[in-house]
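Below: one structure, written as structure tokens.
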Amino acid sequence: MRWTKTFIPTMKETPEGAEIPSHVLMLRAGLINQVMAGAYTYLPLGLRSLRKAERIVREEMDAAGAIELLMPAITPLSLWEQTGRVKAFGDVLIQFTVRRQNRKIQMALGPTHEEVITDLVSRHISSYRQMPITLYQIQTKFRNEERPRFGVLRTSEFLMKDAYSFNTSVKSLDESYEKMYAAYCRIFGRCGLEYLPVEAESGPIGGDASHEFMVPAENGEDTVAHCQACGYAANLERAEVGCRDCVPPNVPPAKLAKVATPNAGTIAQVCALLKCRPEEMIKTLIYSADEKPIAVLLRGDREANEGKIRRAIGVEKLALAESDVIQRVTGAPVGFAGPVGLKEAIPVWADRDLLIVRNAVTGANERDAHLTGVNLGRDFDVPEDRFRDLRNAAEGDPCPRCSAALSLRHAIEAGHVFKLGTKYSEALAARFLDDQEQLHPIIMGCYGIGINRIIAGLIETSHDDAGIIWPVALAPYEVYLAPLKVTDEPTMIAADRLHDELQQAGVEVLLDDRDVRAGVKFKDADLIGIPLRIVLGPRGLAEGKLELKWRWDAEPEMLDLDVAAEQIAEMIREERAEATRFKERCRD
RNA sequence: CGGGGCGUGGCGCAGUCUGGCUAGCGCGCCUGCUUUGGGAGCAGGAAGUCGGAGGUUCAAAUCCUCUCGCCCCGACCA
């Protein structure tokens, strides 16, 4: 391809509003153009990379035995009503009504396709002999995100590979899941991404029923806890906190006292007023658990983990209580709750950390007052079986597997594998007959990859000040070929010939035939980040040589022009297969 | 949904507080000449409903009201 024949609008300056590297570079390199918040046009260069990621995903899905199909993006709303997900998705589900003759038809744009595919399977699969089977598609999904952001990382419309497995037993589901898990490792590996499979919020099957594939990146929206020592990795939503010594500190108990804390309703305000530290406080959260109030005690510097609380007490719905409930339960406005002297006898749960807090500061269940010198066992009590791990893991917490220190890092969720169980098959009557003529709901798994996030994740983790650094596998073109003087006939003859030879050898080459100064070409080449740069300039041409430089190398090497096409093609083939040079780039 | 920031030729910005002549600057674009290995120089040129509506005023990019769009932070952590 010739630069002047395609459409690559690069930009020297960063458009206002773009902040994170992937967004800035995708805009500047002419990969995307914003149409509105959360919706982008993929320009020719961006589309080529997107298609490459898509192709890798498709190849690995096919290799894993998954079968491709394509479902519609528009779906009947009734399907979502049957599974209760109209309510579950809320405003995220894009719904609309269209008029057809004199009927009104309610539709929704698919944010994911469990309903559509389960409905399909319920009509055509009815015997154990037809399973296991994994079906997938690569298709645009629509989600009306509360807040689209970070360029292409969170958008209202995105390209997703979604696969669904249908199995007759949990054991068979496990096998399908393992195949997808392994395929995901190959996909992210081939894309040159550093990735981390982490345990995620699990579904109804429990155990290790869900993994997210995370790309560690500063600007990721998720946080993962990772143990370098044993490899344990989990989403913060899920990460367990290992047990540490629960030996209370050997300090004499202080006298219980009430102190005035006017208008100090937050941990920070109380600490400032009483000159204490957050870890000396006990935070008392009043939750509404399936409509009944409960109290949850945490050390002042800890964050509650609602998933853990929900599981510990075994409820479906959990939300912080409304202020009138708090007023009733504690007898005080929000901000002054404490475990001592609650007005109603409600269940009290506590994070394990509470066992080592002595002489704590807590709310007094009274407006503008706190208690000091509060001690477990003397001033309040929590039944032993209500001490649980109820908080988010923090940097340095013990690993639940090996007790080494956990580290926390941000990451981009690029893929998710999930054991669904029978939620959708039961709701949509997708049943099969086993060899004993017994009817069972089909056991399902689902497996998603955000294709756009592969691209954004790669750029987020592979760029420098000058621009993107693509691996060959995802690069819009594999070779960038720059004749420095396009008005010089011998130069252009050589450039055209090399271009044609490379193309014939199956190499994707971009010939920069613009009549611009060398500096402009070099800057743009670095910006769009094509892995291999070939320069045909007066320096080398006189000696029958050209210049070759990998995007991540500092210095070029010279190559004989007459054997160049063959050697370049060979290098590109090596990089496609192993990405060895790309993966070693970090050593520099 | 709460908070903050920003809307001025294609892109990046100044001008707004303190109203005043024909709305400027850099990049890009077009023409010509020179130049030619890391975003060239000179000369000439095209291109702007100052996000939109209403209002105040002799006079509005600038002041007031409403509204739309974009970006960032937070979303009940007592």
* Is a donor-acceptor contact shorter than 3.5 angstrom present between the side chain of A:Arg533 and the base of B:rG38? -> yes

* Structure fact -> Considering only heavy side-chain atoms of A:Arg517, the closest of B:rA40, B:rG37, B:rC77 is B:rA40

* Considering only the C1' atoms, how many Å lie between B:rC17 and B:rU35, rounded to the nearest integer? -> 46 Å

* Any-strand Watson-Crick or G-U partner of B:rC1, both distances under 3.5 Å -> B:rG74

* So what does A:Arg299 touch, heavy atoms closer than 4.0 Å: a base, only the sugar-phosphate, or nothing? -> nothing

* **P spacing across the pair B:rC76 / B:rC63, given as an integer number of angstrom** => 37 Å

* Among B:rA75, B:rG12, B:rC70, which is the nearest nucleotide to the side chain of A:Met36? -> B:rC70

* Of A:Asp397, A:Asp301, A:Asn305, which is the lone residue that meets side-chain hydrogen bond (donor to acceptor under 3.5 Å, both in side chains) with A:Arg391? -> A:Asp397

* First locate atom OG1 of A:Thr10, then atom CG of A:Leu43, and finally report the distance between them rounded to the nearest 0.5 Å. => 11.5 Å

* Closest to the A:Arg147 side chain: B:rG37, B:rA40, B:rC73? -> B:rC73

* Asked: What nucleotide, of B:rG37, B:rU35, B:rG12, holds the atom closest to the side chain of A:Glu16?
  -> B:rG12

* **Nucleotide of B:rG37, B:rC77, B:rA40 approaching A:Val520 most closely (side-chain heavy atoms)** => B:rA40

* Taking for each residue the nucleotide of RNA chain B bearing the nearest heavy atom, is the 5' side occupied by A:Pro15 or by A:Ile267? -> A:Pro15

* Over how many whole Å does the gap from A:Arg28 atom CZ to B:rG12 atom C1' extend? -> 12 Å

* Structure fact -> Taken to the nearest whole Å, CD/A:Glu221 to P/B:rG74 is 10 Å

* To do: Indicate, with a heavy-atom threshold strictly under 4.0 Å, whether A:Thr284 touches base, sugar-phosphate, or nothing.
  => base

* Asked: Does any N or O in the side chain of A:Asp512 come within less than 3.5 Å of the main-chain N or O of A:Trp3, such that one atom is a donor and the other an acceptor?
  -> no

* Structure fact -> Quick note, A:Lys283 side chain, CB onward, closest among B:rC77, B:rA75, B:rC70 is B:rC77

* A:Asp91 atom CG, over 12 foreign heavy atoms within 6.0 Å -> no

* Where the side chain of A:Ala37 is defined as all heavy atoms beyond and including C-beta, which of B:rC71, B:rA40, B:rC11 is the nearest nucleotide? -> B:rC71

* Atom-pair distance (CG on A:Asn144; P on B:rC1), nearest Å -> 12 Å

* Structure fact -> 5'-most contact on RNA chain B (nearest-nucleotide basis), A:Gly151 vs A:Ala321, goes to A:Gly151

* **Spacing of the C1' atoms in B:rG26 and B:rA14 (rounded, Å)** => 11 Å

* Could you state the atom-to-atom distance from CG of A:Leu27 to P of B:rG28 in whole Å? => 20 Å

* Whole angstrom value for the distance that separates P of B:rC71 from CD of A:Glu145 -> 13 Å

* P spacing across the pair B:rG2 / B:rU67, given as an integer number of angstrom -> 12 Å

* Structure fact -> With the side chain defined as heavy atoms from C-beta on, A:Phe150 is closest, among B:rG39, B:rC72, B:rG37, to B:rC72

* **Nearest-Å distance once atom P is located in both B:rG12 and B:rG7** => 11 Å

* **Atom pair distance, as rounded to whole Å: CZ in A:Arg539 and P in B:rU36** => 14 Å

* Structure fact -> Winner on side-chain proximity to A:Val535, out of B:rG39, B:rC11, B:rG37, is B:rG37

* To do: Have a look at A:Pro333 and say if it touches a base, only the backbone sugar-phosphate, or nothing, with a 4.0 Å heavy-atom cut-off.
  => nothing

* **Residues A:Glu306, A:Tyr287; criterion side chain to side chain donor-acceptor pair (under 3.5 Å); working and verdict** => CA-CA 10 Å; A:Glu306 295 189 357; A:Tyr287 275 98; 3.3 Å; yes

* Which whole number of Å gives the distance between the C1' atom of B:rU8 and that of B:rG4? -> 22 Å

* Using a cut-off of 4.0 Å on non-hydrogen atoms, how would the nucleic acid contact of A:Glu306 be classed: base, sugar-phosphate, or nothing? -> nothing

* For the residue pair A:Thr261 and A:Asp368, confirm or rule out a side-chain donor-acceptor distance under 3.5 Å. => no

* Picking from B:rG38, B:rC71, B:rC76, which would you name as closest to the side chain of A:Leu320? -> B:rC76

* Quick one: is B:rC71 close enough that its OP1 or OP2 comes under 4.0 Å of any side-chain N or O from A:Gln34? -> yes

* **Polar side chain donor-acceptor pair, A:Tyr42 to A:Asn33, under 3.5 angstrom** => no

* Using the C1' atom on both, measure B:rU31 against B:rA46 and round to a whole Å. => 11 Å

* Interatomic distance at P, B:rG9 relative to B:rU49, whole Å -> 9 Å

